[in-house]
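These notes are about the structure you will find just below.
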Amino acid sequence: MDAKTDFFDIYDYVYQPVWQTTPFKIGSGVMAVLLLAALIGLIIYLRRRKKQLSPWEWALREIASISLEKCVKKSDFKKVYFQLTDILKQYFQKRYGWQTINKTDDELINYLTKQQFAYALLTELQKMLEGSLWVKFANQEMLKTQAQKDLKTAVRVIEETLPRDNAKK
């Protein structure tokens with residue numbers, strides 16, 4: 001071969017590392033943004049996630065949220081009693097697994113009697129449930145006094161049915 005016709009490399013091989021290429025830089029930037037977004041989402045999720053409440057904690061919190069100061073008319077007190085009985089029925093269902101939500105007040109008392117619920121608590125509960133019936137006949141001040149007493153009764157029923165290791169001392 002003739003030296004004039006031979007080709008010689010006049011340039012060295014150029015090697016560009018992968019991490020210095022434009023597609024790698026763009027991909028890395030996108031991955032960093034996605035990772036940051038996932039991390040922020042996880043932090044928000046963990047902060048918003050509510051602690052799972054036990055049935056008695058839930059019931060006590062719900063009863064504490066009932067405000068008698070807002071009750072001005074008899075219909076307001078009816079709503080309070082409806083809410084209170086609903087909380088207790090849900091509590092019994094969550095705590096013991098009893099089907100109590102769909103029961104009337106009389107059916108609830110009969111059902112609790114069949115379940116051999118504590119007699120002292122059962123009589124207090126029965127008096128409290130009857131309080132919703134005489135709302136139409138009582139005057140405003142008497143209603144408020146009785147409603148406060150019935151709220152305390154509901155709290156007492158819940159506290160008396162706490163598991164022994166969670167009972168207040």
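When reading the values below, keep in mind they use all heavy atoms of this one structure, side chains included, and skip hydrogens, waters and symmetry mates. Only a predicted model underlies this, so the values are computations on that prediction, with no experimental measurement involved.
In this structure, Thr100 and Lys89 approach most closely via the heavy-atom pair OG1-O, 2.6 Å. Contact record, Leu151 with Ile66: CD2-CD1, 4.0 Å, taken as the closest heavy-atom pair. The shortest non-hydrogen separation linking Trp56 to Pro163 is CH2-CG, 3.4 Å. Across every non-hydrogen atom of Thr153 and Met128, the tightest pair is CG2-CB, 4.3 Å. Closest non-hydrogen pair, Leu84 versus Asp150, comes out as CD2-O, 3.9 Å.
Once rounded to the nearest 0.5 Å, the distance linking CG of Leu60 with CD1 of Ile158 reads 5.0 Å. In this structure, CG on Asp105 lies 5.5 Å from OG1 on Thr85, to the nearest 0.5 angstrom. From Lys152, atom NZ reaches atom CD of Glu124 across 13.0 Å, with rounding to the nearest 0.5 Å. In this structure, CG on Leu108 lies 11.0 Å from CD1 on Ile101, to the nearest 0.5 angstrom. Atom-to-atom distance recorded for Leu125:CG and Leu112:CG is 6.5 Å, nearest 0.5 angstrom. Expressed to the nearest 0.5 Å, how far OH of Tyr119 lies from OG1 of Thr113 amounts to 9.0 Å.
Here Gln90 pairs with Asp86 under the side-chain hydrogen bond (donor to acceptor under 3.5 Å, both in side chains) rule; sequence neighbours left out. Checked against side-chain contact (heavy atoms from CB on, under 4.5 Å), Asn110 has no partners two or more places apart in sequence or in another chain. Scanning for salt bridge (Lys or Arg N to Asp or Glu O under 4.0 Å) contacts around Lys94 gives an empty result, with sequence neighbours left out. Partners of Asp106 by side-chain hydrogen bond (donor to acceptor under 3.5 Å, both in side chains), not counting sequence neighbours: none found. Every side-chain contact (heavy atoms from CB on, under 4.5 Å) that Pro17 has, sequence neighbours left out, goes to Tyr15, Trp19, Gln20. Residues passing the side-chain hydrogen bond (donor to acceptor under 3.5 Å, both in side chains) test with Thr161, sequence neighbours excluded: Tyr91. With sequence neighbours left out, Phe117 forms a ring pair (Phe, Tyr, Trp, His ring centres under 6.0 Å) with Phe92. With sequence neighbours excluded, the residues that form a ring pair (Phe, Tyr, Trp, His ring centres under 6.0 Å) with Tyr96 are Trp98. With sequence neighbours excluded, the residues forming a side-chain contact (heavy atoms from CB on, under 4.5 Å) with Ile44 are Ile40, Arg48, listed by chain and number. A search for side-chain contact (heavy atoms from CB on, under 4.5 Å) contacts involving Ser28 returns Phe24, not counting sequence neighbours.
Here the side chains of Ile87 and Ile63 are in contact, with some heavy-atom distance below 4.5 Å. The shortest side-chain heavy-atom distance between Leu46 and Leu42 falls under the 4.5 Å cut-off. Contact check for Arg156 versus Leu121: side-chain heavy atoms found under the 4.5 Å cut-off.
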Dump the intermediate steps for side chain to side chain contact (heavy atoms under 4.5 Å, CB included) on Leu39 and Leu35, then the final yes or no.
CA-CA 6 Å; Leu39 184 62; Leu35 186 62; 5.8 Å; no
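Sorted by first and then second residue, the salt bridge (charged side-chain N to carboxylate O under 4.0 Å, His left out) pairs with a member in residues 55-69 form an empty list; sequence neighbours excluded. Contacts classified as salt bridge (charged side-chain N to carboxylate O under 4.0 Å, His left out) and involving residues 27-39 (residues at least two apart or in different chains) are not found.
In this structure, the side chain of Glu107 engages the main chain of Thr104 through a donor-acceptor pair within 3.5 Å.
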